[in-house]
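Throughout, a chain's letter reflects where its sequence line sits, starting with A, and its residues are numbered from 1. Below, all heavy atoms of this structure are taken into account, side chains as well, without hydrogens, waters or symmetry copies. Because the structure is a prediction, the values reported are computed rather than measured.
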Amino acid sequence: MSERASDPSARSVADVFASCRAEGRGALVGYLPAGYPTVDEAVELLTAMAEGGCDLLEVGVPYSDPVMDGPTIQAAADTALRNGFRLRDVFSTVERVTAAGGNCVVMTYFNPVLRYGVDRFAADLAAAGGLGVITPDLIPDEADEWFAASDKYGLSRTFLVSPSSTDERIASTTAAASGFVYATSIMGVTGARDSVNSAAAEIVRRTRPHTSLPIGVGLGVRNGDQAAEIAGFADGVIVGSAFVSAAERGGPSAVRALAQELAAGVARAGLPQPA
Amino acid sequence: MSSSTSVPPSSQVTASQGIETPSGHEPDARGHFGRYGGRWVPEALVAALEELETAYEKARHDPEFLAELDRLHRDYTGRPSPLTDVPKLSQHAGGARILLKREDLNHTGSHKINNVLGQALLTKRMGKKRVIAETGAGQHGVATATACALLDLECVVYMGEVDTRRQALNVARMRLLGATVIPVKTGSRTLKDAINEALRDWVTNVDSTHYLLGTVAGPHPFPQMVRDFHRVIGLEARAQVRERTGRLPTAVAACVGGGSNAIGIFHAFIDDPGVRLVGFEPGGDGVATGRHGATLSEGSPGALHGAFSYLLQDEDGQTAESYSISAGLDYPGVGPEHALLKDLGRAEYQPVTDAEAMDAFSLLCRTEGIIPAIESAHAVAGALRLGKELGPDAVILVNLSGRGDKDVDTAAKWFGMIGQDESAEAADGTAIAEGELATPTVGAEGERATPTVGAEGELATPTVGAEGATQQRAGSFAHPGSQTEGIQA
Ligand SMILES: Cc1ncc(COP(=O)(O)O)c(C=O)c1O
């Protein structure tokens, strides 16, 4: 039923980006909190996102104090927690979505990982078929334990770079990362926005010289045109709040339709041009 | 001259001494106190934290900055704050001599101004024009609004919606001072969520905005810098106690929310091994009920709001909701240096219940004519407990971190002087006049978590109340403290 299912044989984040590249395009990365609105429904939604054309899925961990998130994702995390989401559910979610053909990384604030045990978290995620972790509030400076665990279990480590990052920080952060680098397009929290900020191209341009890793751009993308614009200079287009809103509006069929629109935008753009 | 052998007289102690002279207990280069502290933040904030660290390191050795801060503290804050002997209160502490460090007498009514003036001057130096702050009790918000008015900075204060109600007076003060107060309606609608919202604002507006954090929590350099701005409390108090008593105190007591007033007074005594340092955390309804904010006593290590420290959390690392009658202590995190002091055993931390704190509150009102902030009443309750333990030879230094004007509604309701939906200002006076703060038996025998007052032990002072000793206990005060809502006489 999928027009363009992501490569189910991908065993690493690098493979996902490489196979997109081989198709002459960037990657579409879709975010949804696990457990939203319930664990089972989130599995369905994430599966629909993969079927609609998300090459990589960011399975979010709902957290009580999400300081990088705007109202849409905050509310979704609240809903998931109220509906009984437990941290261990993220592993079963990854396992089920992976079995259905999706490629999953986990996006999580770090305290739940600390509490679970960094090594144990990495072990359980790898066992569930997860490919890596994106850590929005963990910088490499504090990540010694995470370096060891991610190396041990073969998980990618995605750190963020921001328009406010100095060149020195971009260099050290990308050097510490693997899989892909997440560039936040704007200064701010998550949430769909009307236009793509010029800072997006600028942060990608500044990051390129420091790394050969693919660069994904997120924060604020919500439609195919924006996706195409970003795919014109970035290797991955990351979409979060818009999927949450679509899920709220119309469940799996709405997120599938959104994924299709975004994927078409990404495909239309072809390979990123040097900015 | 900072050595403990040749101590300057208290009249010569200045805030700049605590800023300029390293304490000997510094974090490592990345802001770690042992395994605690550091920067557990989004990358987007790192540049601003580095800028702040650089600005602070420069300013702390800049005579102009230090002189300006000292001048403001002298002429505007009113430093040094006095040390007050409270002999009548001391009778309720097993005869131990209690000395109050009167941070409540600072301009704006609490210790918070010490840190705020320092950071506000730094904001100017960094060329930023907009200041944001979180506040719980509203004291930090008021101090920030005050400094922003003084120094021509735009001021936005985030405050949990629950706290805007229980500290309505301070909301009005902030608005009078020209600040924008934004009630935060997410999560538990208290201090924790106000910090989340302030961090979101900061991530978005970091170029133009300084986040003037109000306690010794958060990412490096806040725990160190805010501590240094508050070290003046302990430096003054240490000299004052020696002048007054000819010795060092047996113990130092302070309340602990995020930990700024406590670290400020503790720091001058860290290298005095004979001085016990005791932090009193909000025990709420009693730690056994789960409704409390006793982070160090009951929490576990983790990362929250930019620092690795103790916090209240569930099995999955979700932050637990704290509870305290005191808005300023109602916080599930705590500053990282306290976490280290606890692990080292250099300081100890004990919970004080709402009921114990309110007993101490009324006792201090009626014996000494001082209405403390409910936050500070936790430290007073702790001192009464310590006094009974240490005996009549002990000298106990208490950080009276703030005054209680903001708390008259909460207190009047607690003591049954007005109804839950009344406000003290609106009361016609009759109810208030008849209210009787029967003197509590503040914790007779070491029953720390006993929520009931007047249960056991000697009713120490028979003479309470302005209107004569034999007055009937009208709205008698022996309601169970655990019913913090809806007690009605
Ligand atoms: C008077 C007073 N004391 C204490 C506190 C608690 O803060 P900290 O633990 O940082 O001193 C507050 C906070 O609002 C306060 O207003």
What part of [X] gets within 4.5 angstrom of chain A, counting heavy atoms only: side chain, backbone, both, or neither?
X	value
B/Leu311	side chain
B/Asp314	backbone
B/Glu321	neither
B/Ser188	neither

[X] versus chain B, the contacting section by heavy-atom distance below 4.5 Å:
X	value
A/Asp69	backbone
A/Val61	neither
A/Phe110	side chain
A/Thr184	neither
A/Pro66	both

Looking at B/Leu199, B/Asn205, B/Thr319, which makes the most heavy-atom pairs under 4.5 Å with chain A?
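Going by pairs under 4.5 Å, I would pick B/Thr319.
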Pick from B/Pro301, B/Pro42, B/Ala47, B/Gly38 with the largest number of heavy-atom pairs that fall under 4.5 Å of chain A
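Sorted descending by pairs with chain A, the first entry is B/Pro42.
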Ignoring hydrogens and angles, state whether a donor on the side chain of B/Asp193 or B/Tyr158 is under 3.5 Å from an acceptor on the partner side chain.
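Judged by distance alone, the side chains do not pair up.
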Do you know which of A/Pro112, A/Ala143, A/Ala75 has the most heavy-atom pairs with chain B at a distance under 4.5 angstrom?
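Highest number of pairs under 4.5 Å: A/Pro112.
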Taking everything shown except B/Glu57 itself, do over 12 heavy atoms lie less than 6.0 Å from its CD?
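Buried by this count: over 12 neighbours within 6.0 Å.
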So with a 6.0 Å cut-off around CD of A/Glu145, is the heavy-atom count from everything else above 12?
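Open: at most 12 neighbouring heavy atoms sit under 6.0 Å from CD of A/Glu145.
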Is there a donor-acceptor contact under 3.5 Å from the side chain of B/Arg30 to the main chain of A/Asp141?
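It does hold such a pair.
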B/Gln167 side-chain N/O to B/Gly138 backbone N/O, donor-acceptor pair under 3.5 Å
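No.
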If we only count heavy atoms from C-beta on, is the A/Thr135 to A/Thr158 side-chain gap below 4.5 Å?
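The answer is no, as the side chains (C-beta and beyond) never meet within the 4.5 Å cut-off.
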Gap between atom CG of A/Leu87 and atom CG of B/Asp316 - 0.5 Å precision:
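Result: 5.0 Å between the selected atoms.
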Check this for me, if you would: do A/Asp235 and A/Arg208 make a salt bridge, where the nitrogen-to-carboxylate-oxygen distance has to be below 4.0 angstrom?
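Looking at A/Arg208 together with A/Asp235, the answer is yes, because their closest N to O distance falls below 4.0 Å.
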